[in-house]
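Numbers for residues simply follow the sequence, beginning at 1. Bear in mind that the values here come from a model prediction, so they are computed numbers and not experimental data.
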Amino acid sequence: MSTTTERIATEPSFEELATRVDDAVAALAGLDASARGVAEELKSAIEEIHRAGLVTIVRRLRSDDTAREVLFELVDDPTVHLLFSLHGIVRPDPVTHANQVLAAVRPQLNSHGGDVTLVRVEDATAFVRLEGACNGCSMSAVTLRNLVEEALVQGVPAIAAVEVLPNEPTPTLIPLEALRIGRDPAGEGWVEVGPAAALAVDELSSLRLMTATGEHAEVIVVNAGQRLSAYRNECAHEALPLDNAVLDLSNNTLTCPWHGFCYDATSGECLSAPGVQLEQLPLRVDGGVVWVRVGL
């Protein structure tokens with residue numbers, strides 16, 4: 001008398017399947033051009049067959065009221081959802097889709113010194129923050145902003161509009177000594193400037209601050225698209241004040257009104273005489289309040 005032993009095969013997990021795909025893609029990249037071309041064509045042909053079959057199955061299930069609910073349950077399964085996503089049968093959620101679209105245009109933005117961050121998608125509107133060259137008034141900045149808007153509106157069906165949010169005030173540079181802040185900032189040379197919102201965007205503010213010892217410090221703060229930089233109010237040429245300096249953010253420059261010495265607006269480096277620069281002061285934003293360190 002013989003007995004039959006049935007063995008139940010264990011189905012691979014989602015992680016195992018994903019790892020297998022990743023390993024195969026990595027191996028594909030290591031082939032020579034000719035072999036890689038044949039392998040990619042085979043892969044493409046098989047994917048097209050799978051997609052055609054899956055589309056037919058989905059259409060039939062959607063056409064039947066009872067089967068439609070089964071289809072929706074299947075889509076919630078991570079493996080099925082991944083399969084449908086790979087073949088473009090289901091679209092990713094708007095945020096994921098928008099980030100995928102932005103990833104495609106980010107290299108172009110970066111090449112011009114700009115960047116973009118997706119904050120949220122709400123009521124068919126994508127809210128973004130633009131950085132660097134994207135966040136300005138020059139023609140190049142407008143072009144980059146239009147690139148972001150066009151990519152999102154045309155690339156993500158769930159997005160009909162794009163709104164650019166103002167950037168939060170942040171220091172352009174925090175020197176190491178700026179991190180040494182105890183319970184009494186003023187006791188370490190820090191002076192409270194005031195609310196960050198009071199510093200006009202894309203303008204230079206001339207300030208007269210009083211230290212804890214009662215001394216006065218003449219300071220300028222450059223607000224370049226909510227990127228704040230603080231300097232001693234002295235040109236590196238003859239220490240003349242920079243109250244009326246010309247701030248040109250299209251070129252990111254600050255030009256002394258006395259003898260025309262030109263500086264990088266956000267680093268203080270002198271562009272007219274390399275090797276000298278404005279004295280940059282540590283600056284921090286704490287709870288919406290700006291502090292500048294003017295002495296010890």
Check against side-chain contact (heavy atoms from CB on, under 4.5 Å), Val153 and Val162
CA-CA 7 Å; Val153 172; Val162 176; 4.1 Å; yes
Please check: side-chain N/O of [X] versus main-chain N/O of [Y], any donor-acceptor pairing under 3.5 Å?
X	Y	value
Tyr231	Ala265	yes
Trp258	Ala245	no
His97	Ile159	no

Counterpart residues, side chain to side chain contact (heavy atoms under 4.5 Å, CB included), relative to [X] (two or more places apart):
X	result
Gln154	Glu150
His50	Ile46, His87
Leu209	Val191, Val193, Leu207, Val219, Val292, Val294

Inspect the surroundings of [atom1] in [X] and state if more than 12 heavy atoms from other residues, nucleotides or ligands are less than 6.0 Å away.
X	atom1	result
Arg59	CZ	no
Glu69	CD	no
Arg62	CZ	no
Arg60	CZ	no

Can you name the closest pair of heavy atoms from Tyr263 and Gly268 and give their distance?
CD2-O, 3.4 Å
Looking at every non-hydrogen atom in both residues, tell me the closest pair between Val101 and Ala151 and how far apart they are.
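The answer is CG1-O, 3.3 Å.
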Hphob cluster co-occupancy, [X] + [Y], side-chain heavy atoms under 4.5 angstrom:
X	Y	result
Leu147	Val164	yes
Val201	Ile220	no
Leu240	Leu242	no
Val80	Phe72	no
Leu83	Val70	yes

Contact check, side chains of [X] and [Y], non-hydrogen atoms, under 4.5 Å:
X	Y	answer
Val246	Leu254	no
Val290	Leu228	yes
Leu283	Ser229	no
Val128	Leu152	yes
Val116	Arg106	yes
Val156	Val121	no

Would you compute the distance between atom [atom1] of [X] and atom [atom2] of [Y] and round it to the nearest 0.5 angstrom?
X	Y	atom1	atom2	result
Glu163	Thr125	CD	OG1	7.0 Å
Asp202	Leu249	CG	CG	5.0 Å
Leu278	Phe261	CG	CZ	11.5 Å
Arg293	Trp190	CZ	CH2	6.5 Å
Thr143	Gln108	OG1	CD	10.0 Å
Leu54	Ile49	CG	CD1	12.0 Å

Fit a plane to each ring of His237 and His259, take the angle between them on a 0 to 90° scale, and name the class: parallel (under 30°), tilted (30 to 60°) or perpendicular (over 60°).
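Correct class here is perpendicular.
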Ignoring hydrogens and angles, state whether a donor on the side chain of [X] or [Y] is under 3.5 Å from an acceptor on the partner side chain.
X	Y	result
Asp115	Thr117	no
Asn233	Asp243	yes
Thr255	Asp248	no

Go through the structure and list residues passing salt bridge (Lys or Arg N to Asp or Glu O under 4.0 Å) with [X], not counting sequence neighbours.
X	value
Asp286	Arg284
Asp123	none
Glu279	Arg232

Give the C-alpha distance, both sets of side-chain angles, the deciding distance and a yes or no for side-chain contact (heavy atoms from CB on, under 4.5 Å) between Val38 and Leu31.
CA-CA 10 Å; Val38 174; Leu31 299 175; over 6 Å; no
Closer than 4.0 angstrom, basic N to acidic O: yes or no for Arg20 and Glu16?
no
Check step by step if side-chain contact (heavy atoms from CB on, under 4.5 Å) holds for Glu122 and Phe127.
CA-CA 8 Å; Glu122 185 177 298; Phe127 295 86; 3.9 Å; yes
Go through it in stages, so that I can follow the logic: the residues are Val119 and Arg129, the test is side-chain contact (heavy atoms from CB on, under 4.5 Å), and I'd like the CA-CA distance, side-chain angles, deciding distance and then a yes or no.
CA-CA 7 Å; Val119 178; Arg129 282 197 173 95; 3.7 Å; yes
Given Glu47 and Arg51, is the salt bridge (Lys or Arg N to Asp or Glu O under 4.0 Å) satisfied, shown in steps?
CA-CA 6 Å; Glu47 286 178 347; Arg51 185 180 189 281; over 6 Å; no
Ser205/Asn223 under side chain to side chain donor-acceptor pair (under 3.5 Å): CA gap, chis, key distance, verdict
CA-CA 8 Å; Ser205 298; Asn223 186 340; over 6 Å; no
